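Quick caveat, the model's predicted, so the values are computed rather than measured. Heavy atoms only: backbone and side chains are in, while hydrogens, waters and symmetry mates are out.
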Amino acid sequence: MIYAKECPRCQSKKLGGFEDELKQCLSCGALWFEPIPNSPQQRLLQCRVREVGFGGEAGGSKSFSLVLDPIYQLGKKDYHALLLRRTFKQLMGDDGLVALSQKIYPAIGGHYIKSEYLWTFSDYPGTIRFGHVEHENDLEQNHEGHQYAYLGYDELQTFTER
């Protein structure tokens, strides 16, 4: 996909993209996000409220936004984010959060540790982990005792109240 705008770093007009709003300069490699103006996605990513619900029809970039949102705080010491889906299959599928993150995080120095479902970053101290809570005991087995500054739920309505 080619865009008419120029790179904010080197002013090159050779631009590509992963999604409609995520752009990368093909000359210098700069990566930036330009949400559609006044879109629900832009309002979500610029929101300063502690808890946000973001709904809508399929294809509305909710999962894409969820994968992007924790990036903004990666530079903070002891920052750890956890992105959850209800089932492992939903998390790891071809259209799951992990596959989506693999289109974005390497461009900002991300390294994926498959055995831990964890992204670390060359230039940032923060981490982003993926998880699932398919069974009630998954909470204790996989997430108890961990400290997260950011929790993101994809398809929240599929989780139990607990």
From CA spacing to verdict: side chain to side chain contact (heavy atoms under 4.5 Å, CB included), Tyr124, Ile71: CA-CA 10 Å; Tyr124 306 104; Ile71 291 174; over 6 Å; no
Of all the heavy-atom pairs spanning His111 and Ser122, show the shortest one and how long it is. NE2-OG, 2.6 Å
Residues Pro70 and Ala81: closest non-hydrogen pair is CB-CB, 3.7 Å
Taking the side chain from Arg86 and the backbone from Val133, do they hold a donor-acceptor pair closer than 3.5 Å? yes
ILVMFWY cluster, [X] and [Y] together (side-chain gap under 4.5 Å):
{"X": "Met92", "Y": "Leu83", "answer": "yes"}
{"X": "Tyr112", "Y": "Leu100", "answer": "yes"}
{"X": "Ile108", "Y": "Ile113", "answer": "no"}

Supply the atom-to-atom distance [X] [atom1] to [Y] [atom2], rounded to the nearest 0.5 angstrom.
{"X": "Leu82", "Y": "Arg129", "atom1": "CG", "atom2": "CZ", "result": "8.0 Å"}
{"X": "Asp69", "Y": "Ile128", "atom1": "CG", "atom2": "CD1", "result": "9.5 Å"}
{"X": "Tyr79", "Y": "Thr127", "atom1": "OH", "atom2": "OG1", "result": "9.0 Å"}

Determine whether His132 and Tyr117 make a side-chain contact, defined as any pair of heavy atoms from C-beta on separated by less than 4.5 Å. no
Report yes if some heavy atom in the side chain of Gln147 is under 4.5 Å from a heavy atom in the side chain of His80; otherwise report no. no
Greater than 12 external heavy atoms within 6.0 Å of Phe121's CZ: yes
Please verify the inter-ring angle class for Tyr105 with Trp119; under 30° counts as parallel, over 60° as perpendicular, anything in between as tilted. perpendicular
